[in-house]
Participant: 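This is the structure, below, for whatever I ask next.
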Amino acid sequence: MKKKKKISVQTIIEVMIRAVFFIIYPALFSTAFTGIKLIVEQITQRASLQWNSFVQTLVVLLAFTIVFGRFFCGFACAFGTWGDFVYFISSMVCKKRKKKPLKCFSKEGKILRYLKYVVLLVVLLLCIKGYSSAVAVHSPFSAFSRFHQLKMADSLIGTGLFLLVTAGMALEPRFFCRFLCPMGAVFSLMPVLPFSVIKRNRENCIPNCKACNLVCPANLEIPSDKEGDNATSGECFSCGKCIGKCPKQNTHNGFWGKLWLPMLVVKAVILFVIFRILY
Amino acid sequence: MKYKNFLIRLCDLILVLGLLAGYQAVIYSRDKEATIAELKSQVNQLQGEKEDILEAAKNSGKLGTDGASAGQAGTYKDGTYTGSSQGFGGEIKVKVTVSGKKISAIDIIEASGEDEAYLSMAKDIVKTILDKQTTEVDTISGATYSSTGIKNAVGQALEGAAK
């Protein structure tokens, strides 16, 4: 007898939000990162800092992250959505073979998460040295944006890197986002306002449960209400899986508590409208 | 401390924004100073050019108008020249003698159309022309047309004498 799996309303809404941003605004990550590159180049050339559409997108995303947390990473980044999709296929395949979804790098994750800061520094260093256009042409994201437009990629290196990243995304949830994304490195350093940080009421927890930690794609320890946030809070991209999983509804998002799903939609609408107005 | 990480990150962000603002201010004032220096050198250059032009203008002498163009306060070729111009009633003809590179004599050889009274008044302009060695002189009031006629006639004569 086959068990029929109910797809929850939450899952449908989450998929729809990711799909909308994937189709309509696939270049936000790249635009914001170009803003960072431009600022760094202007400083190294002792030129005055200029405002342009790239820097504007960067500032909008950073401000949004400060207020609402890394919602962008979790739902609005096309690359992240691609990773989620690839990982979903990979877990389906594992399920057919009666195996658990792959989490090949979960132990190394504690150290690997620092790699994205190294990637950020290396890319910025290359731009300072004048290789900015080479970086842009050969990056896996350029290849991705070409494929997104159903065209061939310009660079073989870019295509190769993109395939490697995709393979990684199949082996470990959010492989690129947690370990390699330079934009994610910047977002993780932002001071997320307290009411957007996901935390839990430790007193209420079932002893030795760890359900939230196990379901978290980034393998994070959810901070307690007492501490407010912890050292890995910057890694959280507000996917909300922990909130859905907790058997005692302990995890919550500040005073929004059980309004997680409506707040998710509100965040999506606000970000979408902002970009609609700007562009 | 609750939300320790938030507070640390907030301080870091404020620090970074402060550094960027400071950088921008320094670059801005540096750019302003560079513009000022450039404008100053432009002003100096233009002033130099202006002085050059004025020098050149002085050296080449003044340019006259209405037929007296040759009557400049300058040097003339020795010789006798005739010139004519319209007076009050008709043509006035003059004979101008240049000797020693100066206008030495002006003779009115014909002024039949002029009234005797006006003509004798207008003849005073001859003295002034000889004094100032130029036809850029005031006309005699009361005998404007006649003196203008003499003046222009001398000027025409001197066109041949101008060096």
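In what follows, chains carry the letters A, B, and so on, assigned in the order in which the sequence lines appear, proteins first and then strands, with residues in each chain numbered from 1.
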Participant: Inspect the surroundings of CG in B:Asp138 and state if more than 12 heavy atoms from other residues, nucleotides or ligands are less than 6.0 Å away.
Facilitator: no
Participant: Does atom NZ of B:Lys93 have more than 12 heavy-atom neighbours from other groups under 6.0 Å away?
Facilitator: no
Participant: Of the backbone (N, CA, C, O) and the side chain (C-beta and beyond), which part of B:Leu13 lies under 4.5 Å from a heavy atom of chain A, both, or neither?
Facilitator: side chain
Participant: Sort A:Leu189 into side chain, backbone, both or neither according to what part of it lies under 4.5 angstrom from a heavy atom of chain B.
Facilitator: backbone
Participant: When you look at OH of A:Tyr117, are more than 12 heavy atoms from neighbouring residues, nucleotides or ligands closer to it than 6.0 Å?
Facilitator: yes
Participant: Specify the closest pair of heavy atoms between B:Ile27 and A:Arg46, including all atoms of both residues, with the distance to one decimal.
Facilitator: CD1-O, 3.4 Å
Participant: If we define contacts as heavy-atom pairs under 4.5 Å, which of B:Tyr28, B:Tyr23, B:Tyr3 has the most with chain A?
Facilitator: B:Tyr3
Participant: Yes or no on side-chain contact (heavy atoms from CB on, under 4.5 Å) for B:Leu20 and A:Ile43, after CA distance, side-chain angles and deciding distance?
Facilitator: CA-CA 9 Å; B:Leu20 286 176; A:Ile43 293 180; 3.8 Å; yes
Participant: For B:Arg9 versus A:Met190, what's the shortest heavy-atom pair and its separation?
Facilitator: CD-O, 3.4 Å
Participant: Counting only heavy atoms not in A:Phe54, do more than 12 sit closer than 6.0 Å to its CZ atom?
Facilitator: no
Participant: Which answer fits B:Leu7, side chain, backbone, both or neither, if we ask what part of it has an atom under 4.5 Å from a heavy atom of chain A?
Facilitator: neither
Participant: Report which part of B:Phe6 has an atom under 4.5 Å of a heavy atom belonging to chain A: side chain, backbone, both, or neither.
Facilitator: both
Participant: Pick one of side chain, backbone, both or neither for A:Thr232, based on which atoms fall under 4.5 Å of a heavy atom in chain B.
Facilitator: neither
Participant: Tell me if the OH atom of A:Tyr114 is crowded by more than 12 foreign heavy atoms within 6.0 Å.
Facilitator: no
Participant: Can you tell me if B:Phe88 has over 12 outside heavy atoms packed within less than 6.0 Å of its CZ?
Facilitator: no
Participant: Just checking B:Tyr118: does its OH atom have more than 12 heavy atoms from other residues, nucleotides or ligands closer to it than 6.0 angstrom?
Facilitator: no
Participant: Under a 4.5 Å cutoff for heavy-atom pairs, which residue among A:Pro191, A:Gly228, A:Ser48, A:Ala231 has the most contacts with chain B?
Facilitator: A:Pro191
